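Worksheet: the structure to be examined is printed underneath.
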Amino acid sequence: MSDLLLIIIATVLVNNFVLVKFLGLCPFLGASTKPETALGMSLATTLVLTLASASSYLIDVWVLIPLQLEYLRLISFILIIAGAVQFTEMLIRKSSPMLYQVLGLYLPLITTNCAVLGVALLNIHQSSSLLEALAYGTGAGLGFCLVMILFAGIRERLEAADVPVAFKGAAIALVTAGMMSMAFIGFTGLAQG
Amino acid sequence: MAILVMSGLAATIALLLIVAARRLPGDKQAVVEQLNTLLPQIQCGRCDYPGCRPYAAAILAGEAQINQCPPGGEATIQAIATLLELPRLAPDRSFGIHDALTTAVINEKDCIGCARCLQECPVDAILGARFFTHTVITDECTGCELCIPSCPVDCIRMSMRGAGAPQNQS
């Protein structure tokens, strides 16, 4: 149990996928202009990450390794992720049509979110059981959530801040992301993930 | 072998998605949307709901009858009854009487520019500002009559649709 907790904390803070491994920057910058959108987007991504990491681990252990088809990992994981995204899209359209409209194109674009594929692929090397794979996926999703919400909050403040003309818009957003990344690298000593 | 595994995987995922789509509760929002397109979009609020979409949602929730829309009249009741497979009802006259479509016209000589009717208009079809004469954008006006009681000098009247507003007399 403490192992799983350690994995989750390590993936949320120490090995944060967005700010330390620099994966999934597209939705990080694209869907973080408003806290509500950021929350919806990050919850959807967390669901996809958890589903995809667990099912891709199972497919790898039960199908690909026994049949010695490890070279199919990449393409079969992409297939699984696409299925998981389709499922999430269906879920959101039926439970919250408003959120579905707000997220728009970013929802199907979770498929091409490199953090999702990154988690699925890294999982194979890092995890030794289904529970660990699940914890790894959930941790990555929670880390994405945390960073998205923090970043959305900062961006909302930036709207009101007196930013020099040359830095307005995307420039100051990227500078902020860089500073957040430095702050997160400070967690390195916390746990060995 | 690889081809077999990949097609098996794809087929399994497709099957799971189909099952999930069937099992999840029906798309209620889509029905509200469909119902909303059947309503006249006059946004008059005579059905006791703030607009056409809330009325559509209320019909689906079972809170409202299908005969509460006076501007739509018999035709709308017929369309809703067909869509929802409900029995047809006679129009409920307590909500208002079905009439030919009209548009509001402001008599610009009398308008004092109080801007009160601007706030009442549900479709923003009245153009004007405080202390300036207002006018109605005839193409946008739905004829809901909500602006008439708000006018302190009674300079708004309804005219038949297509009759056209009187030309500006400058």
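Reminder, nothing fancy here: chain letters follow the sequence lines and each chain counts from 1. Worth saying up front: this structure is predicted, and the values here are computed from it rather than measured.
A continuous path of Ile, Leu, Val, Met, Phe, Trp and Tyr side chains, each step under 4.5 Å between heavy atoms, connects Leu23(A) with Leu174(A), placing both in one hydrophobic cluster. No continuous path of hydrophobic side-chain contacts links Leu134(A) to Val61(A) [ILVMFWY only; heavy atoms under 4.5 Å]. Cluster membership for Val123(B) and Ile126(B), using ILVMFWY side-chain heavy atoms within less than 4.5 angstrom, is not shared. Connection of Met90(A) to Leu51(A) is established within a shared hydrophobic cluster, with ILVMFWY side chains joined at heavy-atom distances below 4.5 Å, either directly or through further cluster members. When the side chains of ILVMFWY residues are joined at heavy-atom separations under 4.5 Å, either directly or via intervening members, Met41(A) and Leu43(A) end up in two distinct hydrophobic clusters.
For residues 4-20 of chain B, the interface with chain A (any heavy-atom pair closer than 4.5 Å) comprises Val5(B), Met6(B), Leu9(B), Ala10(B), Ile13(B), Leu17(B), Ala20(B), sorted by residue number.
In this structure Ser2(A) satisfies the side-chain hydrogen bond (donor to acceptor under 3.5 Å, both in side chains) test with no other residue, sequence neighbours excluded.
Counting heavy atoms of neighbouring residues, nucleotides and ligands inside a 6.0 Å radius, atom CD1 of Ile75(A) does not exceed 12 of them.
Leu79(A) touches chain B through backbone and side chain together, each having a heavy atom under 4.5 Å away. In this structure, the portions of Ile80(A) lying under 4.5 Å from any heavy atom of chain B include both its backbone and its side chain.
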